Amino acid sequence: MKAAIIGYGKMGHVVEQILKNRGHEVVCCIDIGEESKFESEEFRGADVAIEFTQPASAIDNYRRAWKEGVRVVSGTTGWTSHMAEVKEEMMRVGGSLFWTSNFSIGVNIMMAINKQLARIMKGYQNYDVTMTEVHHIQKKDAPSGTAIVLADGIENELGRRPEIESIREGMVPGIHEVRYDSPVDVLTIRHEAKSREGLAFGAVLAAEFMCGRKPGFYDMKDLMKI
């Protein structure tokens, strides 16, 4: 697989290493101020581009990649209020986008458990549900995209949305916790990332999955079958 990297910060470097470890070729890396590389032969030759940038630039990055006929795998959050428009444009131009709020295999297992647990807890209204998410101080969006997806899953089942406490401290890769609290007990599900490698590994798996796929929108449910 020939891969491009859009966003060559800390996450981009980890993605690059995992790509190489799995025998793939990194043909182009694009960082801030290097947008002209989207029109390069190297970028056009990529089977897929892996994108981790900022909410303000993500959608334009997708457009530039689609213009060059390159599939996109993205983990950038904070822009999804425009999801409907992005999907409409993607279909119009024949683009491909694999997007998720979190590429971690463990987090996506937690999301599946979260929905099932909320379905069960619907019958026990004496439990108050709250959420906490903790990330490093460089993370721009709060609450995190993952926390929003978890809260959506709970609201869809319970009919009520949990309060989310967002904490930014140190270099925490990511902690997400859902808590059901009653007068007699507490039930908690929690995921704690140890490093960025889980996210990067999941993104590379998604890139491998996207090779040869028909144009369209894909997410972790397609990859993991959960």
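None of the values given here were measured: they were computed from a predicted structure.
- Just one of R71, H24, R213 meets the side chain to side chain contact (heavy atoms under 4.5 Å, CB included) condition when paired with V48; it is R71.
- Minimum heavy-atom separation, T53 to G7: CG2-CA, 3.7 Å.
- Expressed to the nearest 0.5 Å, how far CD1 of I148 lies from OG1 of T80 amounts to 6.0 Å.
- For D219, the side-chain hydrogen bond (donor to acceptor under 3.5 Å, both in side chains) partners are K221, not counting sequence neighbours.
- Annotation for P162 and T130: closest pair CB-CA, 4.1 Å, computed over non-hydrogen atoms.
- Considering every non-hydrogen atom in both P215 and G95, the closest pair reads CB-O, 3.6 Å.
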> Is there a side-chain contact (heavy atoms from CB on, under 4.5 Å) between L117 and Y180 once you walk through the steps?
Replying inline: CA-CA 10 Å; L117 178 58; Y180 288 88; 3.6 Å; yes

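- Taking Y218 as the reference, F209 meet the ring pair (Phe, Tyr, Trp, His ring centres under 6.0 Å) condition, with sequence neighbours excluded.
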Exercise answer: donor-acceptor pairs, residues 193-205 side-chain atoms, under 3.5 Å, sequence neighbours excluded:
unit_1	atom_1	unit_2	atom_2	d
S195	OG	E197	N	3.2

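- With sequence neighbours left out, F103 forms a ring pair (Phe, Tyr, Trp, His ring centres under 6.0 Å) with F52, F98.
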> side-chain contact (heavy atoms from CB on, under 4.5 Å) between V134 and E169: does it pass, once the steps are laid out?
Replying inline: CA-CA 7 Å; V134 186; E169 62 183 23; 3.9 Å; yes

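- Across all their heavy atoms, M210 and S96 have their closest contact at CE-CB, 3.7 Å.
- With respect to P143, the side chain to side chain contact (heavy atoms under 4.5 Å, CB included) criterion is satisfied by exactly one of E165, E133, E163: E133.
- With a 4.5 Å cut-off on side-chain heavy atoms, L19 and I50 count as touching.
- Residues meeting the salt bridge (charged side-chain N to carboxylate O under 4.0 Å, His left out) test with D181, sequence neighbours left out: R179.
- Hydrophobic clustering keeps I175 apart from I154 (ILVMFWY residues linked when any side-chain heavy atoms are closer than 4.5 Å, directly or through intermediates).
- Heavy atoms of other residues, nucleotides or ligands lying less than 6.0 angstrom from CD of E88 number 12 at most.
- Here the OG atom belonging to S182 is positioned 5.5 Å from the CG atom belonging to N126, to the nearest 0.5 angstrom.
- The cluster map of Ile, Leu, Val, Met, Phe, Trp and Tyr, joined by side-chain heavy atoms under 4.5 Å apart, puts I113 and L223 in the same cluster.
- E41 places none of its side-chain heavy atoms less than 4.5 Å from the side chain of E68.
- Considering every non-hydrogen atom in both A118 and L158, the closest pair reads O-CD2, 3.2 Å.
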> Can you list the steps and then say if C28 with S40 is a side-chain contact (heavy atoms from CB on, under 4.5 Å)?
Replying inline: CA-CA 9 Å; C28 184; S40 67; 4.2 Å; yes

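- Across every non-hydrogen atom of G106 and H191, the tightest pair is C-CD2, 3.7 Å.
- Under the 4.0 Å criterion applied to side-chain N and carboxylate O atoms, R22 and E208 are assigned as salt-bridge partners.
- Taking Ile, Leu, Val, Met, Phe, Trp and Tyr as members and joining any whose side-chain heavy atoms lie under 4.5 Å apart, directly or through other members, the hydrophobic cluster of V86 also contains I59, Y62, W66, V72, W79, M83, M90, M91, V93, L97, W99, F217.
- The CD atom of E155 sits 13.0 Å away from the CG atom of L150 when rounded to the nearest 0.5 Å.
- Counting only N and O atoms by type, the side chains of D60 and S57 include no donor and acceptor under 3.5 Å apart.
- With respect to the salt-bridge test (charged N to carboxylate O, under 4.0 angstrom), the residues K20 and E16 qualify.
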>> What verdict does the salt bridge (charged side-chain N to carboxylate O under 4.0 Å, His left out) test give for K122 and E157, after you've listed the backbone C-alpha separation in whole Å, the side-chain angles of each residue and the deciding distance to 0.1 Å?
In response: CA-CA 7 Å; K122 188 174 182 178; E157 297 297 335; 5.8 Å; no

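- Using a 4.5 Å cut-off on side-chain heavy atoms (C-beta onward), V129 and M121 make no contact.
- Think of V186 as one node in a network of Ile, Leu, Val, Met, Phe, Trp and Tyr side chains linked at under 4.5 Å; it has no links at all.
- The distance from atom NZ of K87 to atom NE2 of H82, rounded to the nearest 0.5 Å, is 15.0 Å.
- Between the side chains of T77 and D141, at least one donor N or O sits under 3.5 Å from an acceptor N or O.
- To the nearest 0.5 Å, atoms CD1 (I109) and OG (S104) are separated by 8.0 Å.
- Cluster annotation: L187 is connected to M110 through the hydrophobic network of ILVMFWY side chains, with a link wherever side-chain heavy atoms come within less than 4.5 Å.
- Applying the side-chain hydrogen bond (donor to acceptor under 3.5 Å, both in side chains) test to residues at least two apart or on different chains, the pairs with a partner in residues 106-117 are Q116-R119.
- One distance of note links CZ of R92 with CD of E85; it measures 11.0 Å at 0.5 Å rounding.
- Contact check for Q138 versus M171: side-chain heavy atoms found under the 4.5 Å cut-off.
- Under the 4.5 Å side-chain criterion, counting only non-hydrogen atoms from C-beta, I5 is in contact with V26.
- Neither side chain, T76 nor Q54, offers a donor N or O lying under 3.5 Å from an acceptor on the other.
- Taking Ile, Leu, Val, Met, Phe, Trp and Tyr as hydrophobic and joining them when side-chain heavy atoms fall under 4.5 Å apart, one finds I6 in a cluster with I30, F38, F43, V70.
- Side-chain atoms of T132 never come within 3.5 Å of backbone atoms of E177 as a donor-acceptor pair (strictly under, hydrogens ignored).
- No donor-acceptor pair closer than 3.5 Å links the side chain of E35 to the backbone N or O of I32.
- For R63 and E89, the salt-bridge test passes: some basic side-chain N is under 4.0 Å from an acidic carboxylate O.
- Note on residues 106-157: pairs passing ring pair (Phe, Tyr, Trp, His ring centres under 6.0 Å), not counting sequence neighbours, are H135-H176.
- With sequence neighbours left out, D31 forms a salt bridge (charged side-chain N to carboxylate O under 4.0 Å, His left out) with no residue at all.
- Annotation: side chain to side chain contact (heavy atoms under 4.5 Å, CB included) contacts of V27 (sequence neighbours excluded): K2, E25, A46.
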